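Atoms within each ligand, like the ligands themselves, are counted from 1 in listed order. Model, not experiment: these values are computed from the prediction. All values below were derived from every heavy atom in this structure, side-chain atoms included, with hydrogens, water molecules and symmetry-related copies excluded.
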Amino acid sequence: MISTILKEVETRDLTREEAIELLGIDNKSDAFYDLIKVANRMTREQFGNKAYIFSQIGLNAEPCSMNCKFCSMAKSNYVMDGEFRKTMADIEDLKKTARDVIEAGTHDLFLMTTADYPVDEFIRIGQALREIMPPQVRLVANIGDFDMDTAKALKAAGFTGAYHIRRLGEGRDTDIDPARRIQTLDVIRDSGLELYYCVEPIGPEHTYDELVDEMMRAKEYGVEAMAVMRRTPVPGTPLAEKGMITAAELTKIEAVTRLVTKPVRSMNTHEVTPMTLIAGVNQLYAEIGANPRDNVNDTEANRGYGVQKTIELLRDAEFEIDLD
Ligand code: SF4
């Protein structure tokens, strides 16, 4: 029963069946507000009403051989407005961008590439940026699948964590074997890198069973910074015709994910959806450069939010942000 689940969630872990029951709540019912009330209270109490900004720099926009059917950079349906690749030749520009977003208020800095970007170059860029970053700012890799040698090299270069997921529809809507994604998740855990996880990219066709699979996976890996993301229907990508879930549906999924996974550091929804800030979200992403949900090379000027805008939104929701 929903009221019993919501009463007991703070003192015990939820089962898979209970998660599915919560996801079945009607978004226009009173139970919806009971759900987001509990998620909001748990986040504000557990994190001392503090909020966090993660900034992500996309280092390249090039046709990617993994052919994810929702991605603007898939080789099979490349719809970006151009191509670029940042390398060590651009390191001074990248240092300036990193300094700017850190000074503006970034807690964790993510570097993202497509799956085919050369990992050695990526590690060299990370190492060079680490040298100018304050020690308290975490450095996170968002790249293709990798093995233990690469995980060790990432750590040696100063990376503290990696964003990696088994996507919804992996192997069906992407050209990647789901088992390969799990291998990388294991490598991240075993190497001591911090794993950042997300239930994504959520589309109207995904069942609640599929969503709960990923919530349970995050729980199993002990993820501390958790997220959910709805799929953006980028025109020209094969899955665009399936459309997008509503902000209310995303808010419910985020609240349930927060209750199931109980992250100890932060909870995020992506793309930025202000409604979720009263439902358990206390972390937002600022985005610079390319991303798979946009068709322009500099998402900050289009779909993406900059650091200042994310700070404004979090403060508008009456979160406190430590900027040091
Ligand atoms: S989502 Fe990532 S792995 Fe998939 S096609 Fe796009 S860039 Fe490549």
Side-chain angles (χ1 to χ4, degrees), residues 54 56-87 110-119 121-123 125-126 140-147 150-151 154 159 161-185 187-188 195-203 205-206 210 214 217 227-242 244 268-271 285 287-300 302-304:
F54 297 173
Q56 175 154 273
I57 303 174
L59 293 180
N60 72 322
E62 295 172 285
C64 176
S65 62
M66 298 301 141
N67 291 330
C68 302
K69 290 183 182 157
F70 47 82
C71 176
S72 57
M73 291 186 273
K75 194 173 186 174
S76 48
N77 49 257
Y78 192 81
V79 293
M80 296 291 284
D81 62 355
E83 294 182 24
F84 74 88
R85 177 185 288 194
K86 300 280 187 193
T87 65
F110 288 55
L111 300 180
M112 178 176 68
T113 69
T114 60
D116 302 320
Y117 187 96
V119 74
E121 188 73 359
F122 178 81
I123 289 170
I125 289 173
V140 186
N142 183 354
I143 58 178
D145 287 287
F146 55 87
D147 59 16
T150 297
L154 287 167
F159 283 90
Y163 177 90
H164 211 77
I165 53 161
R166 183 207 178 278
R167 300 178 187 86
L168 297 165
E170 196 82 74
R172 180 189 67 221
D173 297 332
T174 74
D175 283 355
I176 311 171
D177 181 353
R180 183 74 189 92
R181 305 296 289 177
I182 304 295
Q183 275 172 10
T184 306
L185 292 175
V187 160
I188 292 167
L195 174 64
Y196 294 67
Y197 206 74
C198 183
V199 181
E200 66 124 315
I202 307 167
E205 77 278 19
H206 295 127
E210 288 176 278
E214 298 317 313
R217 201 183 313 279
V228 297
M229 186 180 88
R230 65 174 162 176
R231 189 177 64 225
T232 300
V234 182
T237 58
L239 292 182
E241 64 183 23
K242 292 190 184 290
M244 184 161 70
N268 163 267
T269 292
H270 209 61
E271 292 174 324
Y285 275 98
E287 294 181 295
I288 299 102
N291 87 50
R293 288 163 283 97
D294 210 345
N295 56 6
V296 302
N297 283 341
D298 183 9
T299 193
E300 190 181 356
N302 200 39
R303 293 196 71 88

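- Taking the centre and axis of the six-membered ring of Tyr117, the NZ or CZ atom of Arg85 falls inside the cone set by 45° and 6.0 Å.
- Under a 4.0 Å criterion applied to the non-hydrogen atoms of Thr114, ligand 1 contributes the atoms 7 (S).
- Neither the backbone nor the side chain of Met112 comes within 4.0 Å of ligand 1, counting heavy atoms alone.
- With 3.5 Å as the limit, one finds no donor-acceptor pair spanning the side chains of Gln183 and Asp145.
- When only non-hydrogen protein atoms are considered, atom 6 (Fe) of ligand 1 lies nearest to Cys71 SG, 2.4 Å.
- Shown in contact with Arg167 at under 4.0 Å from a heavy atom are these atoms of ligand 1, numbered in order with element: 2 (Fe), 3 (S).
- With respect to Phe159, the ring-ring contact (aromatic ring centres under 6.0 Å, His included) criterion is satisfied by exactly one of Tyr196, Phe110, Phe122, Phe146: Phe122.
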- Message: Let's go through Leu195 and Leu185 carefully: what are the C-alpha distance in whole Å and the side-chain angles of both, what is the deciding distance for side chain to side chain contact (heavy atoms under 4.5 Å, CB included) to 0.1 Å, and is it a yes or a no?
- Response: CA-CA 8 Å; Leu195 174 64; Leu185 292 175; 3.7 Å; yes

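- Distances from atom 4 (Fe) of ligand 1 show that Cys68 has an N/O/S atom below 2.8 Å.
- For Cys64, every N, O or S atom stays at 2.8 Å or more from atom 6 (Fe) of ligand 1.
- Remark: of the listed residues Thr114, Asp116, Thr113, Thr114 is the sole one forming a side-chain hydrogen bond (donor to acceptor under 3.5 Å, both in side chains) with Asn60.
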